[in-house]
Number of protein chains: 2
Amino acid sequence: MEGSTVSGSQDGQIALPRRAPSQQRSRERVERMLAAASALIAEQGSDAMRMGEVAERAGVSIGSLYQFFPDKRAIIWALAERYTAESQACISAALADVIDAEGLRRAFSELVDIYYRLFLASPVMRDIWSGTQADKALRELELADSRANADFLTAVLKRLRPAADPAALETTAFLIWQMGEATMRLAISVERQEGDDLVAAYKRMALRELVSE
Amino acid sequence: MEGSTVSGSQDGQIALPRRAPSQQRSRERVERMLAAASALIAEQGSDAMRMGEVAERAGVSIGSLYQFFPDKRAIIWALAERYTAESQACISAALADVIDAEGLRRAFSELVDIYYRLFLASPVMRDIWSGTQADKALRELELADSRANADFLTAVLKRLRPAADPAALETTAFLIWQMGEATMRLAISVERQEGDDLVAAYKRMALRELVSE
DNA sequence: TTGCAAATGTGAGGAAAACTCATGTTTTCA
DNA sequence: TGAAAACATGAGTTTTCCTCACATTTGCAA
C-alpha cells in the first residue's frame, strides 16, 4: 500500500488516477508532500488546509502536487490509508491469540484504551475521521477498515461460542466496533472527564455483550 | 426558534448575524429559500447545493439570500434546527409517561423504529446529519439535541432506578442515545437488510442496558 | 557516450462557487 | 406625507481548486 497514491472515488465518480512515483527523487518528494499535509492538518484541520500551502511547505510546485494526487481529498485519503494499515496490524495482533472469555475481556479493554489514547494524541487522525461522513471515499475506507477490524472480533467470538449463529455474531461485532469508533469521536469532542466516562461506559457495555450472552 | 435565522458559528468564529425578517413579505421569502434549499439537498446533497441555485429556485436574488443567511452553512443549520425541534417534541412525548421497565422497553423500541424510518425516508435529514461531524456549528447543535433527548431517557431511568448513581445514569443515557444516532447513520449507508439487522442488534443491546443492570 | 523517450517539475492562468456592496425599491410609522 | 428602516438586486470581487503547455531531469538502449 506504500505506492498507491492513486486516490479513491469522490461523489461516486472515480477520480482520474495519477502517476505513482517511480524514481527515488519523486518518492521523496511525495513523502514531503504528505508530511506537509499532515502538519497543516494538525495545525488547522483538513478543511483549512490549502493546496498551495501544502506545496509551499513541501518545497514543491503546485503542479507537482497534482502530479501525484488527483485532488485534495486524495492527500487526506492517502494519510487515512496509512493510519488504517497501522491500526489494523495492531488490532489483529491484540486479538489473534484470545482463547477464552477472560482473555477477550483483557484484550478488548486494552484495545479500547490504546485506541482512545491514539485519538487523543493524534490531531490528524482525529480530524480525518471526523470528516469521514462527508466524503464518500473516506467513508468507504473507514467502512472497509471497520469491517476488517470487526472481522478479528468476529473470529474470536466464533471461537468462543461455536454454537451461536455466525451471522448474528458478525452483526454484533461490526456494530460494537462501529459504536467504539463513534464513542471515540464523541469522547474527544467533549470535556476530557466526560470523555473518559463515556469510553468507560462503552467498554462496560461492549464487554457485557461480548463475554456474556 | 422560528425567526432565528442568525446562524451559528463556524471554525470557532461567530458568523456575522444577519437581519431577521420582520415583514410579512420577507418572512415568506425566507420560507421559500429554505424550501428551495431543502429540495436541492434532497436532490443532490448539501455539498452540491449551490447558493445561486437556491436563490434562483426560491425566486429571489443571491443578495436576498445573504440578507438573511450569513453563509451557506447557516441555511443548513436552520433546516437542522427545525428537525431537532420536531423530533424532540416527539421523543419527549414518547418517553414522558413511562413508569415501568416494560413501558420503557415498548417506548424505546418504538422510538428507535420511528427514528429509523425517519432517517430512511428523509434524504434531507440524512444528508444534514451525515455532514454533522465536519461542521462545528452543526456538531454543536447535534450534541445539544442529543443531550436534550438523552435527558428524557435519563429522567425515565432515574424514575425506574432511584437507587442508582445519577451521574452514571446520565452517562449511560447519553451514550445510548449517541450510539443510536451512530447506528442510524451506519444503517442507512449499507444495504437495507444489513441496516435492519444492525438497528435490531442496537435495540437489543440498548434495551439490555436500559432495563436490566 | 549519446540521444531519445518517459518521468518529473513548474507556475501562470482558467474555472467555479461563495460572498460583498453600492444602489434602488418598498414598507412602516410618527 | 415624508423620512427612516427594511428589503431587494446582481454585477463584480475574492478565494481556492485544479489544468496545461512547456521546461528539465532521469533511465536506458544503441
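Here is the naming used below: chain letters follow the sequence lines, and residue numbers restart at 1 for every chain. Any value given below was found using the heavy atoms of this structure, including those in side chains, with hydrogens, waters and symmetry copies removed.
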Polar contact flag, side-chain donor to acceptor under 3.5 angstrom, Asp197(A)-Thr171(B): no

Polar-atom pairs under 3.5 Å, protein N or O versus N or O of nucleotides 14-17 of chain C: list them with distances, or write none.
from    : atom 1 : to       : atom 2 : distance (Å)
dA17(C) : OP1    : Arg50(B) : NE     : 3.4
dA17(C) : O5'    : Arg50(B) : NE     : 3.4

Whole angstrom is fine here: how far is it from OH in Tyr66(A) over to C1' in dA12(C)? 15 Å

Go through the structure and list residues passing salt bridge (Lys or Arg N to Asp or Glu O under 4.0 Å) with Glu28(B), not counting sequence neighbours. none

I'd like to check the salt bridge (Lys or Arg N to Asp or Glu O under 4.0 Å) partners of Arg117(A); sequence neighbours left out, ordered by chain and number. none

Sequence neighbours excluded, which residues qualify as salt bridge (Lys or Arg N to Asp or Glu O under 4.0 Å) partners of Arg147(A)? Glu194(B)

Partners meeting side-chain hydrogen bond (donor to acceptor under 3.5 Å, both in side chains) with Ser26(B) (sequence neighbours left out): none

side-chain hydrogen bond (donor to acceptor under 3.5 Å, both in side chains) filter on Gln88(B), not counting sequence neighbours, yields Asp145(B)

Nearest whole Å is fine: how far is dT15(D) C1' from Asp71(B) CG? 15 Å

Please identify each residue that fulfils side-chain hydrogen bond (donor to acceptor under 3.5 Å, both in side chains) with Ser109(A), with sequence neighbours left out. Lys203(A)

Kindly write out the residues that satisfy salt bridge (Lys or Arg N to Asp or Glu O under 4.0 Å) with Glu43(B), not counting sequence neighbours, or none if the list is empty. Arg57(B)

Angle between the end axes of the helix from dT1(C)-dA30(D) to dA30(C)-dT1(D), five pairs per end, to the nearest 10 degrees? 10°

Partners meeting ring-ring contact (aromatic ring centres under 6.0 Å, His included) with Tyr115(B) (sequence neighbours left out): Trp177(B)

Strictly under 4.0 angstrom, non-hydrogen atoms only: write out the protein contact profile of nucleotides 3-11 of chain D, one letter per nucleotide from the 5' end, B, S or -. ---SSBBBB

I'd like to check the side-chain hydrogen bond (donor to acceptor under 3.5 Å, both in side chains) partners of Tyr66(A); sequence neighbours left out, ordered by chain and number. none

Measure the distance from CD on Glu28(B) to P on dT26(C) and round it to the nearest whole Å. 17 Å

